[in-house]
Amino acid sequence: MSAEERDQDLVRLDAAALLRLYDTGEVSTTDVVRAHLDRIHATDERIGAFVRTLDAPALAHAADVDRRRTAGEHVGVLAGVPLGLKDILCTKGVETTCASRMLEGFRPPYDATVVERLRDADAVVLGKTNMDEFAMGSSTENSAFHPTRNPWDLARVPGGSSGGSTAAVASHQAPLAIGTDTGGSVRQPAALCGVVGMKPTYGLVSRYGLIAFASSLDQVGPIARTVPDAALLFSAVAGHDGNDATSIPEDAPDVLPGLDGGVDGLRVGVITEFMTGEGLEPDVRARVSEGVERLAALGAEIVEVSLPHASYGVSAYYLIAPSEASSNLSRYDGVRYGLRVDGPTTEEMMAATRGEGFGPEVKRRIMIGTYALSAGYYDAYYLQAQKVRTLILADLAAAYERCDVLVSPTAPTTAFALGEKVDDPLAMYLNDIYTVPSNLAGTPALSLPAGLDSAGLPVGLQLMAPALHESTLFRVAAALERDLAFDVAPPGLDDAMEVTS
Amino acid sequence: MSLSEAQVRHVARLARLALTDEEIDGLGAQLDDILSYAEKVGQVATVDVAPTSHPYPLANVAHVDEARPSLPREDALANAPRVEGNRFHVPRIVGEEQ
């Protein structure tokens, strides 16, 4: 086997397979990390998944893992597994931009808790991945630096806002990546890129060092090509953190032992409103229905459930998230970090800085949020939206009396063309229709590939579970994944390789 | 409902966002669209429904009361666009017209 062929094989392995190979000593972490960095450098001019790679620190970490493993010293649970990190998590001394001009050159003075835990696990961070600016968007086109392309069709978006992370995993640049999900930003791009993406229960993964978008909704989640890999990454980063006041003060569910448990006897609820809605592509509905049939064939009991207030979820979300964002993003004032555009007075300096530093979508959301919170409107918008949140929680509680997990499409469509929705914010927001209820309720949800549409693009199937029921969520997903045997092999990937070879 | 140009400028001022005339024009129509859609929440959010501000009920979370080192001053200042001495530098505030 040539070195090139061997590298091609190494980048196709999932994290679990890499860990098995490391155990037997068949490959070194250095070889694996180098193969993935080579892959990134060969393909990323066309994919655009990364905003910056960290070759030297990644190779140094790899060499250290190899040394410790050879010496019989301690290595972490993800020792030597390459990973892409969304550029929204603070990395000490390493530029962290949120894909915004506002934070170009910002080198955080501390590491996010998630970053610390990844280092403790000895996952090797290959680089920082692209995203919609400040995580606001569903296509990654709002990055201030460059768009990311969908590896299945380079003319299409990868979804967003964690589109860099999902495109990296789909194009075999990394077996694992970290994303964040405020209204679907892990699950929707996972669906559009044909990979697995999961949003944990709110409070299970620390938000310390996560650059805030909407604090009552933001949650860090794992992205992988298999459900067991996603479960492994979830386990490495979840757990209580005293530095996050909203962190749940108990141990995270242990999701790994039950992964092979199957679905026999479990009740799966199909959400009526999410299988009939306007805008749902027939192919998406067909693949999700087939997924439900497979779950039934595997022994699950299928029940129909209704979430009568779910259709108000997007409305509530686009009041709550911008309101919280308008407050969170007030910190970008040209004083302590980030861009400054000079002005004669402090107020003019701040306005000029923010006018130049933020892109159109971020400005739009700050404007919505500022308006919704302004005098005379708070009761009509923000308060009403929070009441809808109560209604959706009640809908979900009623549904979970009749079933263990819920199933729906992740997004109403497969990947759309670059530029297609960029001038129609409301159409873009409706991508989130099936994902926002889990954020509003703080409950866990996962997207896994359910097959392809007639154009050869991946379809995402979403599973949802009650708060802290991650074990059931991963168990059902793993069973369905084994049955569907979806191959994450985007044809656009080979086109990208041909150009360079 | 519809947002006037003056309202858009007022909100931009509250948000400390310097916007161009083109941006003001575009935002007026877009905010109308988005807020009209968002207003749907009013159809079901009746007075008897309690608001939920947070998905997981936690109250009065406090750090253990023990002294810990804080961020060194040079680290806190390292990313500042302008520093004077040991301080963040900003344009004159006192005497500004309000």
Side-chain angles (χ1 to χ4, degrees), chain A residues 106-107 109-110 201-203 216 242 245-246 248 309 312 314-316 318-319 326 330 333-340 342-347 349-352 354-355 358 363-364 366-368 370-371 374 380-381 383-391 393 425-426 429 440-443 467, chain B residues 3 7-8 10-20 23 26-27 30-31 33-56 58 60-64 71-72 74-82 88-93 95-98:
Chain A
F106 173 60
R107 293 174 190 277
Y110 69 107
T201 298
Y202 182 85
S216 79
T246 59
I248 295 175
H309 298 98
Y312 297 93
V314 173
S315 296
Y318 279 96
L319 291 169
S326 73
S330 66
D333 56 9
V335 176
R336 290 153 299 165
Y337 35 68
L339 182 75
R340 170 182 298 195
D342 283 322
T345 66
T346 295
E347 184 179 328
M349 178 277 286
M350 287 176 177
R354 292 161 62 79
F358 292 135
K363 288 179 186 172
R364 195 146 48 224
I366 289 174
M367 291 289 287
I368 298 168
T370 304
Y371 181 74
S374 63
Y381 291 118
L383 191 68
Q384 301 284 62
Q386 289 191 319
K387 289 182 174 185
V388 168
R389 210 167 174 175
T390 305
L391 295 169
L393 273 161
L426 195 52
Y429 296 174
L440 293 169
T443 49
Chain B
L3 256 70
Q7 274 177 303
V8 176
H10 173 66
V11 176
R13 166 87 203 282
L14 292 176
R16 301 290 186 271
L17 278 175
L19 299 176
T20 64
E23 284 178 317
L27 277 167
Q30 286 171 347
L31 294 190
D33 268 7
I34 296 163
L35 289 166
S36 306
Y37 183 82
E39 271 175 358
K40 276 179 34 179
V41 293
Q43 295 170 10
V44 288
T46 49
V47 282
D48 55 324
V49 181
T52 298
S53 61
H54 230 268
Y56 194 89
L58 288 170
N60 300 330
V61 178
H63 272 296
V64 181
L71 193 64
E74 54 273 28
D75 290 3
L77 291 170
N79 281 291
R82 281 186 73 182
F88 297 111
H89 182 281
V90 295
R92 183 184 173 88
I93 297 173
E96 234 175 66
E97 277 189 48
Q98 290 304 311

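Sequence lines set the chain letters: A, B, ... in the order given, protein chains first and strands last, and positions in each chain run from 1.
- Among the candidates V61(B), L58(B), V41(B), the residue making the largest number of heavy-atom pairs closer than 4.5 Å to chain A is V41(B).
- With a 4.5 Å cut-off on non-hydrogen atoms, T246(A) touches chain B through its backbone and its side chain both.
- Between F106(A) and Y337(A), the gap from one ring centroid to the other is short of 6.0 Å.
- Counting heavy-atom pairs closer than 4.5 Å to chain B, the top-ranked of the candidates K363(A), R336(A), Q384(A), R354(A) is R336(A).
- Minimum heavy-atom separation, G442(A) to P55(B): CA-CB, 3.6 Å.
- Only the side chain of F358(A) has a heavy atom closer than 4.5 Å to any heavy atom of chain B.
- When side chains are defined from C-beta on, L426(A) does not count as touching Y318(A), because their heavy atoms never get closer than 4.5 Å.
- Proximity to chain B (any heavy atom under 4.5 Å) is restricted, for A441(A), to the backbone atoms N, CA, C and O.
- Looking at M349(A), only its side chain comes within 4.5 Å of chain B, counting heavy atoms on both sides.
- Counting only heavy atoms from C-beta outward, the side chains of L391(A) and Y312(A) never approach each other to under 4.5 Å.
- Interface summary for chain A: among L27(B), I34(B), D75(B), T20(B), the most heavy-atom pairs under 4.5 angstrom belong to I34(B).
- Annotation: side chain of P91(B) is not in contact with side chain of T345(A) (no heavy-atom distance under 4.5 Å).
- For the residue pair M350(A) and V335(A), the shortest heavy atom distance occurs at CE-CG2, 4.3 Å.
- Contact annotation: the side chain of M367(A) approaches that of L19(B) to within less than 4.5 Å [non-hydrogen atoms, C-beta and beyond].
- For S374(A), the part lying under 4.5 angstrom from a heavy atom of chain B is the side chain only.
- With a 4.5 angstrom heavy-atom cutoff, H10(B) does not touch chain A via any of its atoms.
- Side-chain contact between I368(A) and Y381(A) is absent, with no heavy-atom pair separated by less than 4.5 Å.
- Listed options A78(B), A76(B), S53(B), G42(B) were ranked by heavy-atom pairs under 4.5 angstrom with chain A; first place goes to S53(B).
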### Message
Set out, in order, the CA-CA distance, both residues' side-chain angles and the distance that settles side chain to side chain contact (heavy atoms under 4.5 Å, CB included) for V388(A) and T52(B), then state yes or no.
### Response
CA-CA 8 Å; V388(A) 168; T52(B) 298; over 6 Å; no
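- At a 4.5 Å heavy-atom cutoff, the contact between L393(A) and chain B is made by side-chain atoms alone.
- Chain A forms the most heavy-atom pairs under 4.5 Å with one residue out of V90(B), L17(B), L14(B), V8(B), and that residue is L17(B).
- Within the 4.5 angstrom heavy-atom criterion, only side-chain atoms of F88(B), from C-beta onward, approach chain A.
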